[in-house]
Protein chains: 2
Amino acid sequence: MAGSSSPSGSTNPTSLGALIDALRCLPGVGPKSAQRMAFHLLQRDQDGATRLAEAMRLAIERTRNCASCNTFTELDICEICASPKRDRSLLCVVESPSDMLMMEQTQTYRGLYFVLMGKLSPLDGIGPRDINIDRLVERARDGLVREVILATNFTVEGEATAHYISELFAEQGIQVTRIARGLPVGGELEYVDSNTLAQALIDRRTVD
Amino acid sequence: MAGSSSPSGSTNPTSLGALIDALRCLPGVGPKSAQRMAFHLLQRDQDGATRLAEAMRLAIERTRNCASCNTFTELDICEICASPKRDRSLLCVVESPSDMLMMEQTQTYRGLYFVLMGKLSPLDGIGPRDINIDRLVERARDGLVREVILATNFTVEGEATAHYISELFAEQGIQVTRIARGLPVGGELEYVDSNTLAQALIDRRTVD
């Protein structure tokens, strides 16, 4: 790095330049952040960097996809899928393992999951095959699943993915539901966007 | 990760949990970003992660501090310090290697540098010794340096550091200057903060 006047170190053949380049594989990390991270690691936390390098190597070596729900695990079948306490008649479809974690944190869902590891996105060339739809169909046909709960994001891609899956299962006698849209808990009408409010009105329910 | 309901994976003994923890050594990366980064690396860019781990190992192994200016380099003396084209009578003091890169990008400075690798920050327990002030004094006494240019940041700590260094050199017959404060190039009075405008007024100069 030192001695070069290259803007970001990106064309730099030194090990520091290579580190700055390599850090850019992290999501949301541009040239400036990568440079800041590299300097921080070398200047203040070489032990942390060594631990991180080893952790990456180990995680890649050991982590695989659960044969049942497709999430990351070190086992053939992840702990949730293997647990006898879960309700096998419910199958919740999420886009990513982090969404699955979020669902678990609600502590209100006791069924099983299927993790797509993506979402339909024709513009990016991501079709049904890339998000393991075949495996989902096969999974839902195990004879135990009675309801598929679609918990993909309420983005354009997430909605398209949910729509695609619901069409697919409509023919097969498996009930398909979608998690609710509406105002957030603690939300005020004054501060919510009008699309959300409109949806909350459309999906209004009888007070019991 | 999978099968656990721990909020962020931080207490998780799996290799994925360990990776999420280890990623938090990067500056500006909290539990959510670390989780997102780990999932991204495993899901979409295992090659990038492998390259990054190797780049970190190499950079730590090879990078050291320049014996003259203290910046990161793979050599004993960095290329800038070793260059015969640089003006040895000017010594610019900066806080970090990235600041040095910024100075180089201006393409208007042809002198040498000294990188403090930090700034005075009594509240964080960072004193003159921690930012290599002894080495700076020794460096400035080489008989060639005639002017020390203070280019630390205009933050509270950067200003305190500049003040401390200027006091130190005042007794030694070495001229000390500070880079200018004022409006940015293209700046408009209407949109600049009043402290900057006040300083621009105080530091006004004769039009030639």
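Just so it is clear: chains get the letters A, B, ... in the order the sequence lines come, proteins before strands, and each one is counted from 1.
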Inset, instruction - Verify side chain to side chain donor-acceptor pair (under 3.5 Å) between B:N153 and B:T155, making sure each step is shown before the conclusion. - result: CA-CA 5 Å; B:N153 289 327; B:T155 56; 5.0 Å; no
Inset, instruction - Output the distance between atom CD1 (A:I133) and atom CD1 (A:I165), rounded to the nearest 0.5 Å. - result: 4.0 Å
Inset, instruction - List in chain and number order the residues that pass side chain to side chain donor-acceptor pair (under 3.5 Å) with A:T152, two or more places apart in sequence or in another chain; answer none if no residue qualifies. - result: A:R178
Legend entry - Salt bridge flag under 4.0 Å for residues B:E54 and B:R51: no
Inset, instruction - Mind ranking A:M102, A:R44, A:M117, A:E61 by heavy-atom pairs under 4.5 Å with chain B and telling me who comes out on top? - result: A:M117
Inset, instruction - Please determine, among A:A49, A:A55, A:A82, A:A59, the option with the most heavy-atom pairs under 4.5 Å with chain B. - result: A:A59
Legend entry - Basic-acidic side-chain contact under 4.0 Å: B:E159, B:K119: no
Inset, instruction - Heavy-atom pairs under 4.5 Å with chain A are the metric here; pick the option from B:R57, B:R36, B:M103, B:K32 that has the most. - result: B:R36
Inset, instruction - Quick one: which of B:T63, B:D45, B:L58, B:L42 has the most heavy-atom pairs under 4.5 Å with chain A, could you say? - result: B:L42
Inset, instruction - Name the region of B:L41, side chain, backbone, both or neither, that has any atom closer than 4.5 Å to a heavy atom of chain A. - result: side chain
Inset, instruction - Give the C-alpha distance, both sets of side-chain angles, the deciding distance and a yes or no for salt bridge (Lys or Arg N to Asp or Glu O under 4.0 Å) between B:R64 and B:D76. - result: CA-CA 8 Å; B:R64 60 187 105 170; B:D76 287 331; 2.8 Å; yes
Legend entry - Contact winner vs chain A - B:C25, B:A22, B:P27, heavy-atom pairs under 4.5 Å: B:P27
Inset, instruction - With a 4.5 angstrom heavy-atom cut-off, could you sort out which part of A:R86 is near chain B: side chain, backbone, both or neither? - result: neither
Legend entry - Contacting moiety of B:V115, where chain A heavy atoms sit under 4.5 Å: neither
